[in-house]
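All values reported here derive from a predicted model rather than from experimental measurement.
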Amino acid sequence: MGAVKGAGIASANNYLKSGIHEVVFKSINKIEGSESMELLFVTPDGSSTHKVRIFAPQSAERGTSQFGPIPSQMEQFLAKVKCIIGALDPDLYDKIEKDGEKFDAPDFDGFVKLLKKYLDKKVGTTTYIKLIPTSGNFVGFPGFPARINRDGDLYIGNKFIGEGLVLTAQEAKRIEEAANAKPTSMAKKEDNSDLD
């Protein structure tokens with residue numbers, strides 16, 4: 001029972017819904033026993049929260065799709081982190097743009113520790129985040145912000161944190177579909193021929 005010590009009942013009303021929200025950055029932490037880190041954002045009035053869990057990449061190899069090459073898990077991970085740094089610590093972002101090779105760690109734990117060293121100083125920073133439906137009733141950042149252009153260069157094609165956020169047509173459609181979704185009717189049918 002130690003694993004649930006202090007766990008309270010959460011209200012679904014406390015979590016941010018899909019859309020673009022003004023938030024305050026509260027924390028970044030490595031999740032013990034998991035190759036992931038979690039960032040916590042809270043609305044300025046403290047009424048709603050959003051936790052973002054980002055998992056360690058499992059591969060540095062690019063894939064392919066019917067449209068050409070796609071970024072590796074490592075590139076997607078680093079693109080997300082770069083976007084977060086850009087929104088919370090523009091000075092660090094500029095340093096990474098000039099000399100990004102120095103911002104390095106031997107493993108995932110070391111990388112989160114390094115990131116935490118810088119971003120802990122930015123707790124209390126106000127920014128904006130974009131949340132879209134993921135699965136079920138959950139929302140999160142767009143999953144794949146990085147893209148590859150025709151020349152094979154990596155770029156960030158979907159900004160999800162910071163100033164000037166906009167929803168793409170596809171994201172707006174997903175939000176609308178999620179808002180209008182109705183549960184499947186499980187009413188008993190008079191005709192049981194389907195069961196037969």
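You'll find the side chain of E101 reaches within 4.5 Å of the side chain of D99, heavy atoms only. Looking only at side-chain heavy atoms (C-beta outward), E22 and T126 come within less than 4.5 Å of each other. For the pair E35/D109, a side-chain contact is recorded, criterion being any heavy-atom separation below 4.5 Å from C-beta on. Counting heavy atoms from C-beta on, the side chains of N158 and F141 never come closer than 4.5 Å. Side-chain contact between I31 and R53 is present, with heavy atoms from C-beta onward closer than 4.5 Å. Residues K116 and N29 form a side-chain contact, since some pair of their non-hydrogen atoms from C-beta on lies under 4.5 Å apart.
Distance check: L88 CG to I161 CD1 gives 5.0 Å after rounding to the nearest 0.5 Å. Once rounded to the nearest 0.5 Å, the distance linking CG of D91 with NZ of K122 reads 6.0 Å. Rounded to the nearest 0.5 Å, atoms CG (L39) and CD1 (I129) are 10.0 Å apart. Expressed to the nearest 0.5 Å, how far CE of M74 lies from CD of Q58 amounts to 9.5 Å. To the nearest 0.5 angstrom, T127 atom OG1 is 7.0 Å from L165 atom CG. Note: L154 CG to S72 OG = 8.0 Å, rounded to the nearest 0.5 Å.
Within the cation-pi definition used here (under 6.0 Å to the ring centroid, within 45° of the axis), K121 qualifies as a partner of Y118.
Grouping the Ile, Leu, Val, Met, Phe, Trp and Tyr side chains by contacts below 4.5 angstrom, directly or via other members, places F55 apart from L40. In the hydrophobic cluster analysis, where Ile, Leu, Val, Met, Phe, Trp and Tyr join through side-chain heavy atoms closer than 4.5 angstrom, I156 is grouped apart from I70. Each of I175 and V52 belongs to its own hydrophobic cluster when Ile, Leu, Val, Met, Phe, Trp and Tyr are linked at side-chain heavy-atom distances under 4.5 angstrom.
Ring planes of F41 and F25: tilted class, angle from 30 to 60°.
Contact check on E75 versus K82 returns no salt bridge, with no Lys/Arg side-chain nitrogen under 4.0 Å from an Asp/Glu carboxylate oxygen.
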